[in-house]
Amino acid sequence: MRNLPICIPSLWNSAVRLSLDSGPWPDFVGLYSGMLRDSVLPSKVTLSSIVRSCAAHGAAQLGESFHCQIFKMGFRLDVILQTGLLDFYGKVGDLRCARKMFAEMLQRDVVADNAMVSVLSKHGCVEEARDLFDNMPQRNSASWNSMITCYCKLGDIGSAHSMFDANPVKDVVSWNAMIDGNSVTWNTMISGYVQCKEFGKAIATFQEMRLENVKPTEVTMISLLSACAHLGALDMGEWIHDYIRRKRLKIDAVLGNALIDMYSKCGSIEAACDVFNRLPVKNIFCWNSIIAGLGTNGYGEKAIDLFALMLEEGLKPDGVTFVGLLSGCSHSGLVSAGRRYFSEMHDIYGVTPAIEHYGCMIDLLGRAGLLKEAVELVKTMPMKPNAQVWGSLLRACQIHKDTELSKHVVQNLLDLDPRDGGNYVYLSNFYASLSRWDEVNVCRKVMIDRGVHKEPGCSSIELDGIVHEFVAGHSRHLQIMQINLFLDEIAKKLKEHGHESNRALVLHDIEDEEKETAVSYHSERIAVAFGLMSTPPGKTIRVVKNLRTCSDCHSALKIISNVYKREIIVRDRKRFHHFKDGCCSCRDYW
DNA sequence: TTAGGGTTAG
């Protein structure tokens, strides 16, 4: 480009604007300096595009230098440039400068007001945003959407929904609405529900959107797929994939990534690979999702193959890639490969290991029984170990029965944030594994005294598009009587096949139930029982659990898969377990 | 002395 004989200012301006949209970011910088060499000054339109691009790339210093340029060229009071700069400062995190831009505006229009509302929402200044919104002389759809987003980000879904209901733009069911119209408002609300983990409401809002004849878009599908991924709702996810095909929506890298993530998190790794292979354009997110998906589904070697392929295609791995790769190595027991990638990530790929990468390595070494090496890494890591790191080490101590080391780890966990419920769970499980019930009780009492709550065990299973949730010990499910009878029958069969309850892990989930009964009532077991009794023979059962599966349920589920001739797929907090013919894909290594 | 350039959902 540099040698092109361009000297007509408008051509330079167009070339710069084109490169901002299509070319990689450095291309623009080269082109821009070429323009200055030709003594051509950017037009205000070019400057506006540049500012927008700086905002999108988070290029704070470059953007500021263009602010000076705008000032020098006398465009200081151009309302569009001012709005662009206000948005830029908001997006690079400089709220003070954003406020200053807004204050300096002599005339404001609805777009400028919206930009300020959006900046204030992103910086958590809700009341200020709302005040500005209430006093705006004009509002458009974007104004309402910015406020809805603001409340969703705060987790105030009630206020978000009130805004959604009050939004007059949404209620207009017109020809326009049938074509594309107000889908952004609906998408905002759906994604808000997903962010606030109200997945059922997200799906219900989608149904309502269809009834109102507002056309769902690719963005709608991305939010819904994210909901399915969280819930492990494969049937719903497959329905959405089918809907995307029927409506001929465009599967680009972003929607493709949402599909890969949904299939991976629903345990259907073959379908995830299929979507991945068919994608014409893949970005780093797609590669990261498939590598992580293969890893959590127990295909560590395949994750490594994909990583090699990613490099061959000329992509640069980032921190997320290595989390997927290292945890994949950990789940498949690939110690030497994990060690190699950990040392190469900085030296060869220029990615500095963060705490989550150290966490993966400590997990990998600890599970493999290399406790000394794991401890050494904890000591030498450049940051303060967090509860996840100590938790991994404690889990390794449990597996390899190293009580001495456990004491040290427990002390460190205690010294960490005393308000973090997760630390108490680690401790309680640790004492329970040693049958030291007095300490378990002390631990529980301290939790109650300090008002710390442990997340209760909860498992879900999707049947005919409905997600059924089960909480250990106190389910409100309509068919709980029948389920309990069936659980008793399962318990009998387990006994016949030599399964003995491991009382040590009872307290993993609940505290009040009588211990023997309690284990067989762990939430994943209730969900599996419900799945067995409600689906035809041979149908695969898929369960999602919010915590890790305990070893007692793990061995019980292996037997159940054999006795009832069913494939059972359980997604726990860490990984997938594919139970089939009495075995689990994790090879009892998790 | 054209128009174009700015805000909201993933």
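Per chain, numbering begins at 1; letters A, B, ... match sequence-line order.
Applying the side chain to side chain donor-acceptor pair (under 3.5 Å) rule to A:T46 yields the partners A:N13, A:S43; only residues at least two apart in sequence or on another chain are considered. Partners of A:E198 by salt bridge (Lys or Arg N to Asp or Glu O under 4.0 Å), not counting sequence neighbours, listed by chain and number: A:K201.
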Side chains of residues 84-91 of chain A: which donor-acceptor pairs under 3.5 Å do they make with residues two or more places apart or in other chains?
unit_1	atom_1	unit_2	atom_2	d
A:D87	OD1	A:K91	NZ	3.3
A:D87	OD2	A:K91	NZ	3.0
A:Y89	OH	A:H67	ND1	2.7

Mind listing the side-chain donor-acceptor pairs of residues 257-275 of chain A below 3.5 Å, one per line with the distance, residues two or more places apart or on another chain?
unit_1	atom_1	unit_2	atom_2	d
A:N257	OD1	A:S289	OG	2.5
A:D261	OD1	A:K265	NZ	3.0
A:D261	OD2	A:K265	NZ	3.3
A:Y263	OH	A:H241	ND1	2.8
A:S264	OG	A:I260	O	2.9
A:D274	OD1	A:R278	NE	3.3
A:D274	OD2	A:R278	NE	3.1

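Residue A:Q61 places its CD atom among 12 or fewer non-hydrogen atoms of other residues, nucleotides or ligands, all under 6.0 Å distant.
The distance between the ring centers of A:W287 and A:F276 falls below 6.0 angstrom.
Of the charged side-chain nitrogens involved, at least one lies within less than 4.0 Å of a carboxylate oxygen, so that A:E128 and A:R99 count as a salt-bridged pair.
Remark: nothing in residues 236-249 of chain A comes within less than 4.0 Å of DNA chain B through any heavy atom.
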Next item on the list: Could you encode protein contacts along nucleotides 4-10 of chain B as a string, one character per nucleotide from 5' to 3', using B for base contact, S for sugar-phosphate-only contact and - for no contact, with a heavy-atom cut-off of under 4.0 Å?
Entry: BBBBBBB

